[in-house]
Amino acid sequence: MSTPETKRKAPRSKGVNGWLLSAPALILLLVAASGPLLIVAFYSVLEKGDYSGVRWVLSGEGWFRVLFEKDIFDQTISLADANLSIFWRSIKLSVATTIITFGFGLPTAWFIATRPAKSRAFWLFLITIPFWTNLLIRTFAIMEVIRNQGILNTFLIHFGLISEPIQILYTDTAVLIGMTYVYLPLMVLPLYAAIDRFDFRLIEAGYDLYASRWQVLRGVILPIIKPGIVAGSILVFIPSLGAYVTPRVLGGGKNMMIGNFIELQFGQGQNWPLGAALSTLLLLVVLVSLIVYTRASSKDNSNG
Amino acid sequence: MNTDIAIDARHVGKIYGTGASAVTALGDVSISIKKGEFFTLLGPSGCGKTTLLRCIAGFETPTKGSIHLSGTDITYDPPYQRPVNTVFQSYALFPHLTVAQNVAFGLKMRGASSADVARAVDRVLALVKLEDFANRLPQQLSGGQQQRVALARALAPEPQVLLLDEPLSALDLKLRKEMQSELKRLQSETGITFIFVTHDQEEALTMSDRIGVMSAGALLQVGTPHDIYDRPATRFVADFIGETNFLNGTVEGDQVRIGTGDLLAVPLDGETGAVTLAIRPEQVSVTSAPAELSGKIIDATYMGTDTHYTIELKDGSPLVARIQSNSTGAFGVGDAVGVAIDARAVQVLKS
């Protein structure tokens, strides 16, 4: 029989060991992840340097410039429409990307999950092939497809479906096509994982209990694979919101997203505090939308 | 049109695949199941009983023949348009819904008002004695409780016919016995036609009003448990239902000469030539005194109330006898014994 004292001691020493063992990882996380974030947040409340960089004086100017702009001549303050429209476009395009990748991803993941076990690995392998090539090269490849003299327009004109090339490149549509292409695997893989665990006999049970195809999809399949939908949406939405390469190449200079706008502040704009404030804001937007989204989907679950 | 018939299957056949790889799951099955009947489809795995059940449920479309429900042709109706519900072997409960929501599913899909749904759920959960578990999720229940939820869910929409696909096979023996009588009770309380699929002949005999014995995609015999046990139509049925000895013989006048050269006065119904006699072990008695047949005991297995003796007859053919352990005294292996057969109970099968 062990005394209560030894009983209490044993798990505590184990706990200390546990902390000790995970210390390298924790230190790395603190220094490498939280450290830079804190620096960014700190820079956002400093004064802008003359050419770039910051002056070590506290200032609200960076955060002020996120939403407002001052006229150079009469110093009147107005809302920064350009900034707001960039934020709005980023959110709009990211939501659209998430919805479209779900629309393509669900049938794809379903198809793979319903193949014989042997060939499933092959289909998953095909899904991961795009990751092998540099994102920039892939984006230029899409450009080649959708530009005015590109494959798509040439094809459509050749078959007489259109007489003038359609302007897709350098529009929001181009950015949307690019992001959908880039992030589709991130939607397919978690959906596949969820469908793979799905018990297909439940579909028959649904049909047997008077549910039509649509009702089975809505009332049985989607609620059960919801963890996969949530994971896929998060994996697509977050990088979409901060996308840089795709909107830069396919959207041209005018159709900026937040990522490009932030880059602009650290480069040509020479306004580091504004760039830092925008970065911090992006982080907060992602955090809040994550919390809202996961809260909403888990609440849904308990209501059935 | 006979209005007493719930399910009428006419020449139903089902072939999977085409050409050389085609597999016949159902040959040509015709069967009429009466309203309010507890009907069992019995057979070994792969005999086509589940295929027939799935054709009735609408999960499979027969390649030939038709299925009628209360006189209406439902052969090509999708499952969600048939007033027929299934209790699945795997239960197939919706894991994201509570017990009450599972039971309500069918009624909701049919568009019943929420008041009607609530009333029906309460009634059916009371019927299967799960009132206290309404808000649990299926994975929080034991196997037996999940089984009851599956039953309640299938009964709630008040189907005309309830299909049960080996629903008890996952339960342990004690629970299975309990559920057997539970099912009988539910069937008589609801008056719904039950079509029960099983490979367990004892389950079929104890529960059914009528049994259809199937093998290799064909329906071999339909009858009450008594008919099937006492008067099996084929050697397969006799062998599959209970234990049976088979002795080959030839008809000579109104008797049958078996391999040992002895004549047995079994009931004949115009059979001639080579026949097979199906003899139940309980119809064989063993005596120390000489009797109509003689043999040697080669194996004795004590089973509690009964002892099973395997006797080697003169021509070497084995015969199993089931004798009450406390009756005439025990025999040992090697004993030469007299063997008597209750000839009136012997079933004569055409070879």
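Fair warning: this is a prediction, and the values are worked out from it, not measured in the lab. Below, chain A is the first sequence line, B the second, and so on; all start at residue 1.
- Residue contact with chain A, scored on non-hydrogen atoms closer than 4.5 Å, involves the backbone of B:L93 exclusively.
- Looking at B:H96, its side chain does come within 3.5 Å of a backbone N or O of A:G219 through a donor-acceptor pair.
- Remark: A:R218 CZ is loosely packed, at most 12 non-hydrogen atoms of other residues, nucleotides or ligands lying under 6.0 Å away.
- Crowding of A:R115 atom CZ: a count of heavy atoms from other residues, nucleotides or ligands under 6.0 Å exceeding 12.
- Heavy atoms from other residues, nucleotides or ligands lying under 6.0 Å from OH of B:Y16 number more than 12.
- For the side-chain contact (heavy atoms from CB on, under 4.5 Å) with A:D208, the qualifying choice from B:Y80, B:F105, B:F88 is B:F88, the only one to do so.
- Just one residue in the list B:L107, B:N85, B:N102 forms a side-chain contact (heavy atoms from CB on, under 4.5 Å) with A:L209, and that residue is B:N85.
- Here the closest non-hydrogen pair linking B:A92 and A:L202 is O-CD2, 3.3 Å.
- Heavy atoms of other residues, nucleotides or ligands lying less than 6.0 angstrom from CZ of A:F155 number 12 at most.
- Both the backbone and the side chain of B:R153 come within contact range of chain A, with heavy atoms under 4.5 Å apart.
- What you find for A:Y210 and B:P157 is that their closest heavy atoms are CE1-CB, 3.5 Å.
- Atom CH2 of A:W123 sits in a sparse spot, with 12 or fewer heavy atoms from other residues, nucleotides or ligands closer than 6.0 Å.
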